[in-house]
Amino acid sequence: MKTIIITGATSGIGAATARRFSQAGYRVIITGRSMSRLTALQKELGATCKALPFDVRDAEAAGRALKSLPADWQEIDILVNNAGLALGLEPEYEGSLQDWETMIDTNIKGLLIMTRLIVPKMVARGEGHIINIGSVAGDTAYRNGAVYCATKAAVQSLTDGLRIDLVETPIRVSLLKPGLVETNFSQTRFHGDQQRAANVYKGITPLTADDIADAALYCAQAPAHVQIAEMLVLATNQANGYTIHREG
Ligand code: NDP
Ligand code: 8X3
């Protein structure tokens with residue numbers, strides 16, 4: 001039985017990915033900060049799921065949590081670096097320094113921390129797969145979103161760099177770049193403003209977290225000689241980060 005670890009599995013794409021891989025017969029390690037949501041998902045998925053509460057920005061806590069896993073769960077086959085967020089939608093000359101720090105620390109440094117902790121063991125074993133959740137936002141900046149877009153452009157570069165650094169190994173590195181997915185993402189971005197969050201998905205059928213979980217499973221289940229380097233998944237009425245057709 002293969003083991004997958006998913007960061008930010010308490011909600012949205014991460015939770016859907018945990019469910020999808022669990023259904024497909026994987027042992028699933030779910031992580032995130034919300035203990036209550038981790039416990040609920042762990043109960044739902046049963047004995048083939050373990051929950052590790054930690055903040056991806058805290059390298060020591062992440063390391064301690066991984067060490068606490070039973071020996072037979074320590075061999076991680078797939079790392080999904082999913083934990084991430086956008087905060088605010090403001091011009092680059094007006095945004096909140098604190099929001100920027102949180103995005104940079106979570107989306108970039110958190111991904112690096114998890115990569116640094118888990119990938120050396122994959123290299124030692126000669127097997128593994130890293131699936132990083134980037135975004136269409138990393139392809140081109142959009143108005144008022146420069147810092148979030150920059151963090152996702154960094155995820156693109158870090159994924160490309162890791163693939164280069166692992167090229168002589170059997171380890172695969174995939175970048176999954178979703179477009180508009182209806183999750184808690186916009187509620188977080190707008191600090192709980194539900195109306196503003198709902199407007200993001202108004203007049204368009206957005207992607208669901210399950211759509212992205214399906215794409216992650218496809219990457220993981222490709223034959224060992226096939227490396228899905230990059231997958232851009234958009235809603236049908238979305239053409240890029242800023243070209244969206246809305247009805248009404
Ligand atoms: P959600 O808000 O639904 O989920 C975000 C997840 O990230 C939660 O489980 C949250 O868990 C976790 N998280 C946030 N900060 C931390 C932290 N410091 N430490 C650990 N976990 C953290 O959003 P999505 O599912 O949409 O987002 C998942 C990923 O997908 C993000 O990287 C996002 O940038 C990316 N993405 C989303 C798109 C969208 O349109 N929704 C499109 C493209 C990419 P907790 O709060 O419990 O810690
Ligand atoms: C999330 C997608 O377009 O809201 O990365 O930034 S978008």
Side-chain angles (χ1 to χ4, degrees), residues 5-19 30-42 51-59 61-62 65 80-89 99 101-114 131-156 158-159 175-192 196-197 199-201 204 206-213 215-216 231-235 237-244:
I5 184 166
I6 302 157
T7 65
T10 61
S11 158
I13 293 168
T17 302
R19 291 192 177 96
I30 53 174
T31 83
R33 292 164 303 171
S34 164
M35 194 60 214
S36 58
R37 282 185 281 166
L38 280 178
T39 306
L41 185 56
Q42 200 259 319
L52 294 182
F54 64 85
D55 186 321
V56 288
R57 294 170 293 177
D58 184 342
V80 180
N81 273 316
N82 164 76
L85 75 172
L87 288 171
L89 195 65
D99 284 354
E101 263 178 43
T102 305
M103 285 190 276
I104 291 166
D105 287 353
T106 310
N107 301 0
I108 304 176
K109 288 158 74 179
L111 174 143
L112 277 171
I113 287 167
M114 295 306 293
I131 302 176
N132 286 339
I133 306 298
S135 170
V136 66
D139 286 353
T140 328
Y142 55 76
R143 195 175 179 109
N144 296 333
V147 176
Y148 174 70
C149 293
T151 66
K152 290 299 177 176
V155 171
Q156 168 94 50
L158 294 170
T159 311
L175 177 65
L176 183 44
K177 301 192 298 186
L180 277 180
V181 190
E182 192 162 10
T183 61
N184 284 336
F185 178 84
S186 293
Q187 289 196 31
T188 300
R189 169 170 245 170
F190 298 124
H191 299 283
R196 218 175 153 198
N199 285 341
V200 173
Y201 311 105
I204 183 170
L207 297 163
T208 66
D210 286 340
D211 297 325
I212 305 307
M231 199 190 278
L232 173 64
V233 185
L234 298 176
N237 292 127
Q238 174 173 25
N240 57 33
Y242 52 85
T243 310
I244 296 163

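Counting starts at 1 for both ligands and their atoms, following the listed order. Reckoned from all heavy atoms, side chains included, excluding hydrogens, waters and symmetry mates.
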### Query
Would one find an N or O of Asn184, backbone or side chain, under 3.5 Å from an N or O of ligand 1?
yes
Nearest-contact summary for [atom] - protein heavy atom, Å:
atom: atom 40 (O) of ligand 1; answer: Val181 N, 2.9 Å
atom: atom 1 (P) of ligand 1; answer: Ser11 OG, 3.4 Å
atom: atom 38 (C) of ligand 1; answer: Gly179 O, 3.9 Å
atom: atom 4 (O) of ligand 2; answer: Phe185 CE2, 3.6 Å
atom: atom 20 (C) of ligand 1; answer: Val56 N, 3.6 Å
atom: atom 22 (C) of ligand 1; answer: Ala83 CB, 3.7 Å
atom: atom 26 (O) of ligand 1; answer: Thr183 OG1, 2.6 Å
atom: atom 6 (O) of ligand 2; answer: Tyr142 OH, 2.5 Å
atom: atom 5 (C) of ligand 1; answer: Gly84 O, 3.7 Å
atom: atom 31 (C) of ligand 1; answer: Asn82 O, 3.2 Å

## Note on the structure
Closest heavy-atom approach to atom 37 (C) of ligand 1 among Ile13, Thr10, Asn132 is made by Ile13
### Query
Purely on distance, is any nitrogen or oxygen of Gln238 under 3.5 Å from one on ligand 2?
no
#### Entry: Heavy-atom closest contact (Tyr242 atom, Ala141 atom, distance)
CD2-O, 4.0 Å
#### Entry: Exercise: identify the closest heavy-atom pair between Ile113 and Val56
CD1-O, 3.4 Å
Mind checking whether [X] contacts ligand 1 via backbone (N, CA, C, O), side chain (CB onward), both or neither, at a 4.0 Å heavy-atom cut-off?
X: Thr106; value: side chain
X: Ala9; value: backbone
X: Lys152; value: side chain
X: Arg33; value: both
X: Leu38; value: neither
X: Tyr148; value: side chain

Quick check on contacts: which atoms of ligand 1 are under 4.0 angstrom from a heavy atom of [X]?
X: Asp55; value: 17 (C), 18 (N), 19 (N)
X: Gly134; value: 43 (C), 44 (C)
X: Ile133; value: 30 (O), 35 (C)
X: Gly12; value: 3 (O), 25 (O)
X: Ser34; value: 47 (O)
X: Leu180; value: 40 (O)

Under 3.5 Å: donor-acceptor pair, side chain of [X], backbone of [Y]:
X: Thr7; Y: Ala83; answer: yes
X: Gln238; Y: Leu180; answer: yes
X: Asn184; Y: Gln187; answer: no
X: Thr208; Y: Asp211; answer: yes
X: Asp55; Y: Arg57; answer: yes

Closer than 4.0 Å to some heavy atom of [X] - which atoms of ligand 2 meet that?
X: Ser135; value: 1 (C), 2 (C), 5 (O)
X: Ala137; value: 6 (O)
X: Tyr148; value: 1 (C), 5 (O), 6 (O)

### Message
Just by distance, no angles: are the side chains of Asp99 and Thr102 close enough, under 3.5 Å, to form a donor-acceptor pair?
### Response
no
## Note on the structure
In Ile6, Leu111, Asn82, Asn107, the residue satisfying side chain to side chain contact (heavy atoms under 4.5 Å, CB included) with Ile133 is Asn82
### Side chain to side chain, Asn240 and Asp139, heavy atoms closer than 4.5 Å
no
### Query
Got a second to check how far Lys109's NZ is from Leu158's CG, nearest 0.5 Å?
12.5 Å
### Task
State the CG-CD distance between Leu87 and Glu101, to the nearest 0.5 angstrom.
12.0 Å
### Query
Are any of the heavy atoms in Thr7 under 4.0 Å away from ligand 1?
no
